[in-house]
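Taking it in order: structure first as structure tokens, then the write-up.
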Amino acid sequence: GESVGLHLPTLSVQEGDNSIINCAYSNSASDYFIWYKQESGKGPQFIIDIRSNMDKRQGQRVTVLLNKTVKHLSLQIAATQPGDSAVYFCAETLRSGGYNKLIFGAGTRLAVHP
Amino acid sequence: ETGVTQSPTHLIKTRGQQVTLRCSSQSGHNTVSWYQQALGQGPQFIFQYYREEENGRGNFPPRFSGLQFPNYSSELNVNALELDDSALYLCASTGGLAGGDTQYFGPGTRLTVL
């Protein structure tokens, strides 16, 4: 079926620590993946993306790793801050008949403690 | 901020009523997608509009319909509202020379059906 799932529903970290959020996807044909951050009462906010021809991409304090062999994505956040507290979703782009849609999982809640 | 706007912010309706939600896409984006996000879950794809036509649809009944206008803004209409339609409705814009593949989300409309 079409699904993007997450291994850990809740992740608690200390401020300053590094965070790793994991995600499994199910469609081998997917070629574009996005991590979104969603704060309470807001829409998903783009964090970082990666295409299937890459296995690593870095942004400001964030890194996304893609392992196509096992269909696994991870989001690494360096020096986690209280402002990073939110729900994080990975999304897989599924292309079909001339359109593309995002397949999301349920999300991982990241709680950053001072 | 993504430049994608949605209205209204909140809406309360009763079962059987009809509702229209509105979305303005980010400048330069010609494609709008709508998603439904139930509490505690990831967004689910409803449909996508490109050049004023629906070009893809998820597993939602026909009482969910939409429009896209020449300026690329869009409406989501839901008829015969049911209690389970209570959710956050998100629109995302992409495409055109400015957008590429990445879908950028608006803040959402919170619909409550009583």
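Computed over heavy atoms, backbone and side chain alike; hydrogens, waters and symmetry mates excluded. Model, not experiment: these values are computed from the prediction. The sequence lines fix the lettering, A, B, ..., with proteins before strands; numbering per chain opens at 1.
- More than 12 heavy atoms of other shown residues, nucleotides or ligands fall within 6.0 angstrom of atom CG in B:Leu114.
- Summarising the hydrophobic clusters (Ile, Leu, Val, Met, Phe, Trp, Tyr; side-chain heavy atoms under 4.5 Å, direct or chained), the residues clustered with B:Phe64 are B:Leu11, B:Val19, B:Leu21, B:Val32, B:Trp34, B:Ile46, B:Phe47, B:Tyr49, B:Phe60, B:Leu76, B:Val78, B:Leu81, B:Leu83, B:Tyr89, B:Leu111, B:Val113.
- Across A:Lys42, A:Gln45, A:Gln38, the residue that shares the most heavy-atom pairs under 4.5 angstrom with chain B is A:Gln38.
- Hydrophobic clustering, with ILVMFWY side chains joined whenever heavy atoms are under 4.5 angstrom apart, groups A:Met54 together with A:Ile48.
- In this structure, chain A has a heavy atom under 4.5 Å from the side chain of B:Gln37, while its backbone stays farther away.
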Show the numbers, then the answer: is there a side-chain contact (heavy atoms from CB on, under 4.5 Å) between A:Arg51 and B:Asp101?
CA-CA 10 Å; A:Arg51 297 199 179 272; B:Asp101 268 341; 2.9 Å; yes
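- At a threshold of 4.5 Å between side-chain heavy atoms, the hydrophobic network of Ile, Leu, Val, Met, Phe, Trp and Tyr places A:Val112 and A:Val62 in one connected group.
- For chain A, the option among B:Gly42, B:Cys91, B:Gly106, B:Ala92 with the highest count of heavy-atom pairs below 4.5 Å is B:Gly42.
- With B:Gln48 contributing its side chain and A:Asn100 its backbone, the two residues share a donor-acceptor pair below 3.5 Å.
- The local environment of CZ in B:Arg15 is sparse, with at most 12 non-hydrogen atoms from other residues, nucleotides or ligands closer than 6.0 Å.
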Checking ring-ring contact (aromatic ring centres under 6.0 Å, His included) for the pair A:Phe46/B:Phe105: CA distance, chi angles, key distance, verdict?
CA-CA 8 Å; A:Phe46 172 89; B:Phe105 285 85; over 10 Å; no
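- The six-membered or imidazole ring of B:Tyr104 lies away from that of A:Tyr36, with a centre-to-centre distance of 6.0 Å or more.
- Using cut-offs of 30° and 60° on the angle between ring planes, the pair B:Tyr35 and A:Phe104 is perpendicular.
- Taking chain A as the reference chain and counting heavy-atom pairs below 4.5 Å, the highest number among B:Gly108, B:Pro107, B:Gly40 is found for B:Pro107.
- Under the 4.5 Å side-chain heavy-atom criterion for ILVMFWY residues, a single connected hydrophobic cluster contains both A:Tyr99 and A:Tyr32.
- Heavy-atom distances place both the backbone and the side chain of A:Leu102 under 4.5 Å from chain B.
- In this structure B:Tyr50 satisfies the side-chain contact (heavy atoms from CB on, under 4.5 Å) test together with B:Asn30, B:Thr31, B:Asn55, sequence neighbours excluded.
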Decide yes or no on side-chain contact (heavy atoms from CB on, under 4.5 Å) for B:Phe45 and A:Leu94, but give the supporting numbers first.
CA-CA 11 Å; B:Phe45 176 76; A:Leu94 188 64; over 6 Å; no
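- Rounding to the nearest 0.5 Å places NZ of A:Lys101 at 11.5 Å from CZ of B:Arg57.
- Heavy-atom neighbours of B:Arg51 CZ from other residues, nucleotides or ligands within 6.0 Å: at or below the threshold of 12.
- Placement of A:Ile47 and A:Val13 within a single hydrophobic cluster is found when ILVMFWY residues are connected by side-chain heavy-atom separations under 4.5 Å, directly or transitively.
- Minimum heavy-atom separation, B:Leu90 to A:Gly43: CD2-CA, 3.9 Å.
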